[in-house]
Amino acid sequence: MQIGYKLAAEVFGPAELVRQAVLAEQAGFDFVEISDHYHPWLDNQGHSPFAWTVLGGIAAKTSRIGLATGVTCPTVRYHPAIVAQAAATLALLSDGRFVLGVGSGERLNEHVVGVGFPDAVSTRHEMLREALEIIRLLWSGGYRSYDGKHLRLEDARVFDLPEELPLIAVAASGGASTRIAAELGDGLFATEDKPEIVRQYRDAGGDGPCYAEVPMAWAPDERTAAKAALDTSRWAVTGWKVMSELPNPVNFDAATSTVREEDILAKFACGTDPARYVEVAQQFVDAGFDRLVMQNAGPDPDGFIDFYQRELAGRIAGLKPGGGRA
């Protein structure tokens, strides 16, 4: 079991995200994960810096903690050749601490370049397959070309390659995407505590680590935490089918106007009771995930990191399926 800290790139600016990553390393987290967005989910979140620049800053300011994208879409806003180069460079700068999380993307971020975001999920999956094939091809060294149904590569080479290539964790939510993760990735990434996601990944031959984001909101009392999560993170209760389709923060605002504090409390661990945090984390462990990302939607990141270090680190790291402890 490894425990990560989610850098809320939609809520904080780049310098603050680097500061939090340094604090997370000091607190004993195994890795930090950052979303790779162009827009925040909601306008009132107020931020969305370029993830790769932030990760480079973190690599320079830390020495032990792992780094991960959660996740990058390598098909529309970026060509996979650029992702292959960026990931290889970051792996070198971080001395092998980087994990490349990839997925088929959200309309929220990918429509911005004006070439269109495919309506059909099957097309997005085809594009993700081709992108992963291109990344693997470039990472094998030399000049490479690729002529796919959706993506092409012409006589390209990544000159700076690490001796040990980054692990690729592929985001999945169903059978088609779990097969891609098993066949072309080294691990799985998910946002829901559904056992069938891990089971389908394993059945398809996947044997790598399984990453998942655990919803939390720390504040000195439960209601303050729930209100903060409702204000900035209510989009998280909509489910992946909604999250992948809406084009702009204003659409997420409208789509989540009926979400209540009670809905947040049902999904998130809120407040200061360690037992509730362990309960929510246990659901993901029972589902088969072994890389848990603490995703704090509360208003005080320093308070949450301190709470994690004092109250949660040993309890959550020791969880095992079935409610026991390692």
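Values reported hereafter were calculated over all heavy atoms of this structure, with side chains retained and with hydrogens, waters and symmetry mates removed. We're numbering straight along the sequence, starting at 1.
Residues satisfying the salt bridge (Lys or Arg N to Asp or Glu O under 4.0 Å) test with Glu311, not counting sequence neighbours, are Arg315. Evaluation of the salt bridge (Lys or Arg N to Asp or Glu O under 4.0 Å) rule for Asp302 yields Arg19 as partners, not counting sequence neighbours. Residues forming a ring pair (Phe, Tyr, Trp, His ring centres under 6.0 Å) with Phe252 (at least two apart in sequence, or on another chain): Trp41. Here Lys6 pairs with Glu33, Glu213 under the salt bridge (Lys or Arg N to Asp or Glu O under 4.0 Å) rule; sequence neighbours left out. Qualifying salt bridge (Lys or Arg N to Asp or Glu O under 4.0 Å) partners for Asp193, counting only residues two or more places apart in sequence or in other chains: none. Taking the ring pair (Phe, Tyr, Trp, His ring centres under 6.0 Å) definition, one finds that Phe289 meets it with nothing, sequence neighbours left out. Remark: Tyr201 engages no residue in a ring pair (Phe, Tyr, Trp, His ring centres under 6.0 Å) (not counting sequence neighbours). Legend: residues meeting ring pair (Phe, Tyr, Trp, His ring centres under 6.0 Å) with Phe31, ordered by chain and number and at least two apart, are Tyr211.
Glu25 places a side-chain N or O within 3.5 Å of a backbone atom of Ile65 that can act as its donor or acceptor partner. Listed for the Ser257 side chain is a donor-acceptor partner under 3.5 Å among the backbone atoms of Ala254. Listed for the Asn296 side chain is a donor-acceptor partner under 3.5 Å among the backbone atoms of Trp218. Side chain of Asp221 to main chain of Thr224: a donor-acceptor pair is present (N/O by atom type, distance under 3.5 Å, no hydrogens or angles). With hydrogens and angles ignored, the 3.5 Å screen pairs a side-chain donor or acceptor of Ser48 with a backbone N or O of His37. Arg276 places a side-chain N or O within 3.5 Å of a backbone atom of Phe268 that can act as its donor or acceptor partner. Checking side-chain atoms of Asp30 against main-chain N and O of Gln2 turns up no donor-acceptor pair under 3.5 Å.
For the pair Thr89/Leu92, no side-chain contact is recorded, criterion being any heavy-atom separation below 4.5 Å from C-beta on. The side-chain heavy atoms of Leu128 and Val170, taken from C-beta on, include a pair separated by under 4.5 Å. At least one side-chain heavy atom of Leu151 sits less than 4.5 Å from a side-chain heavy atom of Pro80. Side-chain atoms of Ile264 and Val237, non-hydrogen and from C-beta on, do get closer than 4.5 Å to each other. Taking 4.5 Å as the limit, some side-chain heavy atom of Tyr5 sits within range of a side-chain heavy atom of Pro301. Side chains of Gln282 and Tyr277 form no contact here, defined as non-hydrogen atoms less than 4.5 Å apart. When side chains are defined from C-beta on, His79 does not count as touching Pro74, because their heavy atoms never get closer than 4.5 Å. With contacts defined as side-chain heavy-atom distances shorter than 4.5 Å, the pair Arg152/Tyr146 does not qualify.
Neither Val259 nor Leu42 shares a network with the other; the hydrophobic side chains, linked directly or stepwise wherever heavy atoms of I, L, V, M, F, W or Y lie under 4.5 Å apart, form separate groups for each. Note on Phe284 and Met1: same hydrophobic cluster, where clusters join Ile, Leu, Val, Met, Phe, Trp and Tyr whose side-chain heavy atoms are under 4.5 Å apart, directly or indirectly. Residues Phe307 and Phe29 are members of one and the same hydrophobic cluster, defined by side-chain heavy-atom contacts under 4.5 angstrom among Ile, Leu, Val, Met, Phe, Trp and Tyr.
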May I have the step-by-step check of side-chain hydrogen bond (donor to acceptor under 3.5 Å, both in side chains) for Arg97 and Thr62, ending in yes or no? CA-CA 10 Å; Arg97 292 183 280 142; Thr62 59; 2.8 Å; yes

How far apart are the C-alpha atoms of Phe304 and Met294, what are their side-chain angles, what is the distance that settles it, and do they pass the side-chain contact (heavy atoms from CB on, under 4.5 Å) test? CA-CA 10 Å; Phe304 171 76; Met294 308 293 99; 3.7 Å; yes

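Sorted by first and then second residue, the pairs that involve residues 53-78 and meet salt bridge (Lys or Arg N to Asp or Glu O under 4.0 Å), not counting sequence neighbours, are Asp36-Arg77, Arg77-Glu110. Sorted by first and then second residue, the pairs that involve residues 112-138 and meet salt bridge (Lys or Arg N to Asp or Glu O under 4.0 Å), not counting sequence neighbours, are Arg107-Asp119, Arg124-Glu245, Glu126-Lys149, Arg129-Glu183, Arg136-Asp186.
Ion pairing between a basic and an acidic side chain is recognised when a charged N comes within 4.0 Å of a carboxylate O; Arg260 and Asp263 show such pairing. Here Arg234 pairs with Asp253 in a salt bridge; the nearest charged N to carboxylate O distance falls below 4.0 Å.
Residues Pro49 and Gly13 share a closest heavy-atom pair of CG-C, 4.5 Å. The two atoms that bring Ile58 and Leu17 nearest to each other are CD1-O, 4.4 Å, heavy atoms only.
A donor-acceptor contact under 3.5 angstrom links the side chains of Gln20 and Glu16, judged on distance only. For the residue pair Glu106 / Asn109, a side-chain donor-acceptor distance below 3.5 Å is found, with atom types taken as modelled. Side-chain polar atoms of Ser173 and Glu192 form no donor-acceptor pair below 3.5 angstrom. Defined by atom type and a distance below 3.5 Å, a donor-acceptor pair is missing between the side-chain atoms of Thr178 and Arg199.
If you take SG on Cys270 and NZ on Lys227, they are separated by 12.5 Å, rounding to the nearest 0.5 Å.
Taking Ile, Leu, Val, Met, Phe, Trp and Tyr as hydrophobic and joining them when side-chain heavy atoms fall under 4.5 Å apart, one finds Phe159 in a cluster with Tyr143. Clustering of Ile, Leu, Val, Met, Phe, Trp and Tyr by side-chain heavy atoms under 4.5 Å joins Phe117 with Tyr38, Val76, Val112, Val113, Val115, Met127.
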